[in-house]
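Take a look at the structure below.
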Amino acid sequence: MRVYEVMFIISPTTEEGDIDKLITQLSDVATSQGAQVTKIDRMGRRRLAYPIQKLTEGYYVVFTIEGTGLEIAELERRMRVTDAVIRYLTVRIDQELKRAEKFRSARAARAAASRATRSSRSRSQIAVAETSDEEDEE
Amino acid sequence: MSYPRPRDDSRRDDRPSGGQRRFIRARKSCRFCAEKIDYVDYKDTRLLGSYIPERGKILPRRISGTCQPHQRMLAEAIKRARNIALLPFVTA
């Protein structure tokens, strides 16, 4: 199973109700093809960094979709023909998240290892200190 | 007749350039390593924006001090963000 992030921009000229309708419509496209829309994140109206179709603002929405990839093709096709969607971007994130997870676990393991050596070293140092002079310890 | 080349770069650094004073800069360090960021998200415009100077170009590693793996992730994220109009391609 692959995890995708589909971000798209809806034209700011569309009505508030139409935006909701469009979002449910598009998520239905994905689910009807057998994918799961795990998250719908509405980033809301934002200024575009550069004009697209002479528009300077847009309504940003992010879908997080789990599927095989075929749904993505259908979803993208639908977005292309929908005039209200002015731009979309699909990113496959499962591999990247896995890589990030690997880094995180590697760091945790490294930290654990260094902590183990440090604690054993400090314990031996304390033992040495205790044997040499006990007044110094507290 | 050619002069023997200095063996390594460290010797060149020892030579005071121009004046007498040598500037010792603080060692630049990778912010992503320091903050333990494993995945550079293209949606995080505030973070990415700090690596975009006036002109809209990607800040090179030699300036920011970002390590190579993180710079690669950062560049990828910036390019994605540009595609979806979160960041500019160019600013005049």
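Every chain is numbered from 1, with letters handed out A, B, ... down the list of sequences.
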With clusters defined by side-chain heavy atoms of hydrophobic residues (ILVMFWY) lying less than 4.5 Å apart, directly or transitively, does [Y] cluster with [X]?
X     : Y     : result
B:I52 : A:L48 : no
A:I23 : A:V62 : no
A:L26 : A:I19 : yes
A:V37 : A:V3  : no
B:I58 : B:L47 : yes

Check: Is there a side-chain contact between B:K43 and A:M43, using heavy atoms and a 4.5 Å cut-off?
Finding: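 Counting from C-beta outward, B:K43 and A:M43 do come under 4.5 Å.
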
Given heavy-atom pairs under 4.5 angstrom as the criterion, report whether the side chain, backbone, both or neither of [X] touches chain A.
X     : value
B:I84 : both
B:T45 : side chain
B:R82 : backbone

Report, as yes or no, whether the 6.0 Å neighbourhood of atom [atom1] on [X] holds more than 12 heavy atoms from other residues, nucleotides or ligands.
X     : atom1 : result
A:E15 : CD    : no
A:E66 : CD    : yes
B:Q68 : CD    : yes

Margin query: Less than 4.0 angstrom from a charged side-chain N to a carboxylate O is my criterion; do B:D38 and A:R107 meet it?
Written below: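 Salt bridge between B:D38 and A:R107, a charged N being under 4.0 Å from a carboxylate O: yes.
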
Check: Would you call B:E76 and A:R99 a salt bridge, taking side-chain N to carboxylate O under 4.0 Å as the test?
Finding: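 Salt bridge between B:E76 and A:R99, a charged N being under 4.0 Å from a carboxylate O: no.
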
Toward chain B, the part of [X] with a non-hydrogen atom under 4.5 Å:
X     : value
A:L89 : both
A:R46 : side chain
A:L97 : side chain

Note to self: How close do B:P88 and A:Y50 get, counting heavy atoms only, and between which atoms?
What the structure shows: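 Minimum heavy-atom contact is CA-CD2, 4.2 Å.
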
Checklist line | Exercise: identify the closest heavy-atom pair between A:Y60 and B:L86 | finding: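 Scanning both residues completely, I find the closest heavy atoms to be CE2-CD2, 3.5 Å.
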
